[in-house]
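Accompanying notes for the structure given below.
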Amino acid sequence: MEETSARPGNFIRTIIDGDRKVGKNGGLVVTRFPPEPNGYLHIGHAKSICLNFGLARDYGGRCHLRFDDTNPAAEDVEYVDSIMDDVRWLGFDWGEHLYYASDYFERLYQWAEQLVLAGKAFVCELTPDEQRAYRGTLTEPGKNSPFRDRSVEENLDLLRRMRAGEFPDGAKVLRAKIGMASPNLNLRDPIMYRIKRFHHHRTGDRWCIYPMYDWAHGLSDAIEGITHSICTLEFEAHRPLYDWFIEQLPGVHHPQQVEFARLNLDYTVLSKRMLIELVTGKHVSGWDDPRMPTIAGFRRRGYTPESIRDFAERIGVAKADSVVDTGMLEACIREDLNTKAKRVACVHDPLRVVIENYPEGQTEEFEAPYFPDDPPKMGHRMLPFSRELWIEREDFMEAPPKGFYRLAPGKEVRLRFSYVIKCTGVIKDDAGKVVELRCTYDPETKNANPKDGRKIGGTIHWLSVAHAQKAEVRLFDRLFTVPAPAGDKERNFKEFLNPNSLVVLKDAYVEPSLSSIEPGARVQFERKGYYFVDPIDSKPGAPVFSRIVPLRDSWAKQSKGGK
RNA sequence: AGGGGCGUCGCCAAGUGGUAAGGCAGCGGGUUCUGGUUCCGCCAUCCGAAGGUUCGAUCCCUUCCGCCCCUACCA
């Protein structure tokens, strides 16, 4: 609604502001998100979606959702459905403006005849190999097709017969007559139509010729009155062709194509081809595997649409190739959930603690706020306490390094919302593994600091053995072990798959109240991270918790980094 | 190599003739019954390099270097 954007400037907004200043398009801004329904949307598409819909929103215009379904060989309704789900989930609404390039096939065809009539297109019978040879190279001009000088009448007849299905697949193509000497290969008499007998998800078997991207895309934009056709950098060299086709058709609206750098994220791959390979090769459980960089994957992982939109906002839009640190995305989801998620407890890797001076059979309860930083905000629950507890195995060290302020022999720690305990004994099995800790508690420390002024270093989470509920916890890590898995020329990206990207904890315990938590809920397990109650695998009374993102951990950094 | 683009802090990214925003990460410190959060402070004398124009340039010119894209009847 605002006249100019109040958001961080980017070159596209600069272009739009300039256009509006001179009254171009009557000041209107109409964008579109044009996915080909041949795969699931990923985080890179999210950037484009946020950009296009965001621009339309900020300038009081509109954004269309248009399926670029010009190649039935690769497309499928499964994908159009998933794409609509994903765009909606991200929080955008195309209103009445849902379109399909296939809806324009007839119009496109009529325009093609118009080009033929104008002597600007011809039917060519060169095979793909021959065409390649005629195309020339980057440094040498191509040669004219021997079919280039057919008469208008013959071209028109052939085109009509191509449409009528008189020729086999691949026998002929319709080409634009632009010139074979252009230094821009895209302009060397590009193909407009190919014969391809595939059942189309919308037009069925009505067509056996399908338009190529360059021919269909710009004109689809034109038909819809798009003002700014935003695409990624690799289409920059196609812009002259985009413009050429439109200029050949007098009176047709001419949108402006603007290119920006696509998103790259480290430690993952963002190409449809590779993503499909991960799915079909069963390297992941599906398009919505929580480790996948797909929108469906982030959704299943527990990311919020708000956090993804915020991410798109933060990374900006520019023309320089770049690779964004995944930490940026993690910062977004942490920031979002920090104010929304209830704090609860989960012991991931349990170690038994027996409080020797606590009466057997006794139980008491502690009030624990769901949002300690602002207790009234989310209320509280009661945490049962008893003689035997579970604590996190990593919260105990027999020989702690300096700086470790959790539990160790002879040392004290605070049990969150409870007492201070002191480790008085360590019990090990035959293999020397610690299997139980003996401790004593200080009854004076319930909701109070030690009377004698002793300083207690740390606070750890815990669960009463008798009351804790078992739960499955899934920990996800980056899918690849290297920052640029797709960047190695010798090695296939799958060789860099991280074998530990999924760790399933079957013996984790959560506090009693959590056994009935609703699927789709997000919580913070204190000192651990943010978790999502998996909406698919959770069963009544048996929630499955997926770790969305761990909490920042300066101890891990300090102890690992050695500084 | 022909064409088209791009090079500003470890990673993103504003600025574009008047003397380097912001975010992420990092570092130091305060608060804290989450080694979380939060708060305070630090973090590019320099904008790929070299020349030139100018009172003055990251922004203008020249040359050079580096990276990306384009030779699919894919999009």
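Lettering follows sequence order; numbering is per chain, from 1. When reading the values below, keep in mind they use all heavy atoms of this one structure, side chains included, and skip hydrogens, waters and symmetry mates.
The side chain to side chain donor-acceptor pair (under 3.5 Å) contacts involving residues 207-222 of chain A comprise A:Arg32-A:His217, A:Arg66-A:Asp221, A:Asp68-A:His217, A:Tyr193-A:Trp215, A:Asp214-A:His238, A:Asp221-A:Ser229, A:Asp221-A:Tyr242, where partners must be two or more places apart or lie in separate chains. Under the side chain to side chain donor-acceptor pair (under 3.5 Å) criterion, the residue pairs touching residues 322-334 of chain A are A:Asp266-A:Thr326, with sequence neighbours excluded.
For A:Tyr509, the ring pair (Phe, Tyr, Trp, His ring centres under 6.0 Å) test picks out A:Trp390, with sequence neighbours left out. Residues passing the side chain to side chain donor-acceptor pair (under 3.5 Å) test with A:Tyr109, sequence neighbours excluded: A:Glu113. In this structure, A:Tyr370 has no ring pair (Phe, Tyr, Trp, His ring centres under 6.0 Å) partners at least two apart in sequence or on a different chain. Every residue two or more places apart in sequence or in another chain that forms a ring pair (Phe, Tyr, Trp, His ring centres under 6.0 Å) with A:His45 is listed here: A:His42. For A:Thr445, there are no side chain to side chain donor-acceptor pair (under 3.5 Å) partners two or more places apart in sequence or in a different chain. Remark: A:Phe385 pairs with A:Tyr358, A:Phe366, A:Tyr419, A:Trp462 by the ring pair (Phe, Tyr, Trp, His ring centres under 6.0 Å) rule, at least two apart or across chains.
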What protein N or O atoms touch nucleotides 6-12 of chain B N or O atoms at under 3.5 angstrom, if any, and at what distances?
| unit_1 | atom_1 | unit_2 | atom_2 | d |
| --- | --- | --- | --- | --- |
| B:C11 | O3' | A:Val323 | O | 3.1 |
| B:C11 | O2' | A:Val323 | O | 2.9 |
| B:C11 | O2' | A:Asp325 | N | 3.4 |
| B:C12 | OP1 | A:Val323 | N | 2.8 |
| B:C12 | OP1 | A:Val323 | O | 3.3 |
| B:C12 | O5' | A:Val323 | O | 3.2 |
| B:C12 | O2' | A:Ile315 | O | 2.8 |

Show the distances under 3.5 angstrom between N or O atoms of the protein and N or O atoms of nucleotides 37-40 of chain B.
| unit_1 | atom_1 | unit_2 | atom_2 | d |
| --- | --- | --- | --- | --- |
| B:U37 | OP1 | A:Arg552 | NH1 | 3.2 |
| B:U37 | O3' | A:Asn338 | ND2 | 3.3 |
| B:U37 | O2' | A:Asn338 | ND2 | 3.2 |

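Between A:Met192 atom CE and B:A72 atom C1' there is a gap of 18 Å when expressed in whole angstrom units. Distance A:Lys528 NZ to B:G36 P: 14 Å, rounded to the nearest Å.
Using a 4.0 Å heavy-atom cutoff across all strands shown, A:Arg135 reaches sugar-phosphate atoms only and no base atom.
Stem analysis of RNA chain B (Watson-Crick or G-U pairs, both distances under 3.5 Å, runs of at least three) returns B:2-7 with B:65-70, B:10-12 with B:22-24, B:26-30 with B:38-42, B:48-52 with B:60-64.
A heavy-atom distance below 4.0 Å to RNA chain B is reached by these residues of residues 65-73 of chain A, ordered by number: A:Asp68, A:Thr70, A:Asn71.
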